[in-house]
There are 2 protein chains.
Amino acid sequence: MQAVTFLHGVSQMRNHCSLKQLTTHSQMPVVLSESATHRRKDTVASIDDVARHAGVSTATVSRVLNNKNTVSARTTARVLQAVTALEYVMSSSASSLASGRTKNIGVVVPALSRWYFTNVVEGVESALIRHGYDLTLYSLNDGGPARRSVFEHFLLRQRVDAVIAVSLELTTDELTRLHALNKPLVGVGGPLPGVRTLSIDDVEVSRLATQHLIDLGHRRIAHIGGTDEFEADFHLPANRREGFESALTAAGLPVRDEFFGTADFTIQGGHAAAAKLFSEHPPTDPDGPTAVFVTSDEMAIGCLLAAREVGLNVPDDVSIVGIDNHELARFFDLTTVAQYPRDQGRKAVEMLMDVLQPEQWRHGELNTPLDTTLIIRGSTAPPTTHR
Amino acid sequence: MQAVTFLHGVSQMRNHCSLKQLTTHSQMPVVLSESATHRRKDTVASIDDVARHAGVSTATVSRVLNNKNTVSARTTARVLQAVTALEYVMSSSASSLASGRTKNIGVVVPALSRWYFTNVVEGVESALIRHGYDLTLYSLNDGGPARRSVFEHFLLRQRVDAVIAVSLELTTDELTRLHALNKPLVGVGGPLPGVRTLSIDDVEVSRLATQHLIDLGHRRIAHIGGTDEFEADFHLPANRREGFESALTAAGLPVRDEFFGTADFTIQGGHAAAAKLFSEHPPTDPDGPTAVFVTSDEMAIGCLLAAREVGLNVPDDVSIVGIDNHELARFFDLTTVAQYPRDQGRKAVEMLMDVLQPEQWRHGELNTPLDTTLIIRGSTAPPTTHR
DNA sequence: AGTGGTTATGCAAGCGGTTACATTTTTACA
DNA sequence: TGTAAAAATGTAACCGCTTGCATAACCACT
């Protein structure tokens, strides 16, 4: 009660509150949890309260709340009115315990701070909330102990109805456990053996990007690929390299190892790899690369900056193509093969919903390929002829 | 193929309908019903199984599992051994229902894709998992309907023990609800009236950055501030501007409105704002700005790129200072005031633990100021004297 | 009105833990 | 060795909801 009063009082000064003012109030005994112990009496309304208020049984209330359309319109209305009147909200733990459904999805990512992961998670989050599900996030930042503990402890606590694994190569053991617990699993970003997944065709994407350079007339093309910093992103770097090389080979071009570098998917990393490449094999050399296919936009941007630094003109001296269509790709006028991680997240959720809501069952492919689009911007052009 | 099997979410024996459903799908390539039926025999162990196996009561098992140190060493050992033997994992819903604690924290962010938020969440996540808590993520990407639904529906479903709000200005109503439900709340990134918060002192940080420029001898300093794209990031832009202006004023320098621009915290935004500034007031003009204080590193990088584009040399023609110490700041050799969002997330969790585990109660300040550090790199230097 | 088939609702047994309180076992000490 | 206090364990009443099954109400048609 007091606290509410206090909050009202504060709300008045909300607009001109400053640090100073707050510290003045720091003695105020406003501690939410303190009242926790006292407050046992006026707990939140339970389903019984609603039932009583509406003059029906709890079973009926439950049915209304779960949209079992087996309740008459009149009763439904009365129940809903009671719900509103009492500001009733269901206890999800009670509901989960009784029904075995948690309405909660576990999302496991190798890290949060990489563009791709962030965007997938955003897509997943918004789709889940639309479906009435919550998202419990597990970020395996270090790959080691955290990962173990996630799988050994958390996912198994019956906290989630299903799992979405982003760019993660699960071990057989981990798969087995999930399987044993009957948790559906959807993977995003790379096929996982025996698991429903959603992924772009990395080989094809690379081929596309490389082919674009070949089509422009490039004959000496370098590649900056990815490293697997998270021990998670399995075959991605390899697949992309494969696509690159197969495009070269198909065009009758040699694969030259000295034109290959790797980096960690960051701008800095791309910069370093490109700097090395350009210093060892300057594009201005008669035999130097006239184009670089970089396996992510961020690295491509680093590459672009490195090029600028050594006085290379993009695309005149060297063409650069990336993958992702990162927000910055447009800014840097970078040609790229777009993928749409937000959509991927969304689709993963739809896939899961198909599984979790059997009525709407739809037997899909094990692996669903995803859209990609070549977006041609100003960082690629035919090689200059005067060389 | 096995994978298909376990995609069928028949989590409980009683869920007959699902089973039936499954068998009707005869086109399914897998002998699903059999394996599923078999497996259902060994339904996950419950606390009773453990109790029986260990020859104790469920109460004792529960006590062991919850570290109530009231169980003898020998019994504890026996119980733990039974837990291992049966691969027992507690049902969190049952536990929550009975105890009223969910071991789950709700984290609300305006979006995931901005550096600051991402890092705070990472910090929170890793700290929570260390404390045995899960993190349920709510991303208010659009600020509108999603936000409403989060507060109206999800947070209230007794799904979380507490809430961490990142850079979010909650309404009085939202605060009241949380309070009514007795959910402790910690805010990160800006003081919130009447709420425990963790934030850097934006005014001071700005003053520091600006003062650095003044100390270097700059007299005409521009400022690129932030816009409040998420309708969430309350007073941050204003506070930073205030710090900027107060530093100027304290140094006896005029505040010039034409030297002020805003952007949306992105590189692109910073670039656009800087391009405009530099075209209207070229640093090479006798009366142009010799330095720019930019309110985030990403924007500062945009500013730096804009400067390069118009042929300005940084720092000779124009000094640039940012805030954050973003990973790229180092790469671009950007002077900045560092803040540590990962740590901020971690600290928010510690704060929450203090509240949630009363025995360790420690009555702290309402708002805890956070560390910042001026990191001087190559993007700032004394103004060139020849002007 | 009687009858069989729907449709709507209620009953009550769980779901799997937690914990106040009761009871038994140990420990400490005269 | 006896006994009170402390420590360890057991008993059982919840926690708040879901759902199979039973029952009641309704609805055409004979």
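Note that the structure is a prediction, hence the values are computed from the model and not measured. Reminder, nothing fancy here: chain letters follow the sequence lines and each chain counts from 1.
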Once base and sugar-phosphate atoms are separated, protein heavy atoms under 4.0 Å mark nucleotides 23-29 of chain C, 5' to 3', with B, S and - as -------

Among dG10(C), dT19(C), dC17(D), the one nearest any side-chain atom of Ile47(A) is dC17(D)

Looking at every strand, decide which applies to Ser95(B) at a 4.0 Å heavy-atom threshold: base, sugar-phosphate, or nothing. sugar-phosphate

Just checking, is any N or O donor in the side chain of Ser95(B) or Ser92(B) under 3.5 Å from an acceptor N or O on the other one? no

Just to confirm, is there a sub-4.0 Å distance from OP1 or OP2 of dG10(D) to any side-chain nitrogen or oxygen of Thr60(B)? yes

Reading DNA chain D from 5' onward, which residue's closest nucleotide shows up sooner: Ala59(B) or Tyr88(A)? Ala59(B)

Kindly say if Arg63(A) contacts the phosphate of dT7(C), meaning a side-chain N or O under 4.0 Å from OP1 or OP2. no

Pairing of Lys183(A) and Asp161(A) as salt bridge, 4.0 angstrom limit: no

Of Thr76(B) and Ser99(B), whose closest DNA chain D nucleotide lies nearer the 5' terminus? Thr76(B)

Testing the 3.5 Å rule here: is there a donor-acceptor pair between the side chains of Asn104(B) and Thr136(B)? yes

Taking OP1 and OP2 of dC17(D), is either one under 4.0 Å from a side-chain nitrogen or oxygen of Ser62(A)? no

Please tell me whether Ser96(B) and Ser93(B) have a donor and an acceptor in their side chains that are separated by less than 3.5 angstrom. no

Tell me whether the side-chain N/O atoms of Ser72(B) come closer than 4.0 Å to OP1 or OP2 in dA7(D). no

Think Ser57(B) has a side-chain N or O under 4.0 angstrom from the OP1 or OP2 of dG10(D)? yes

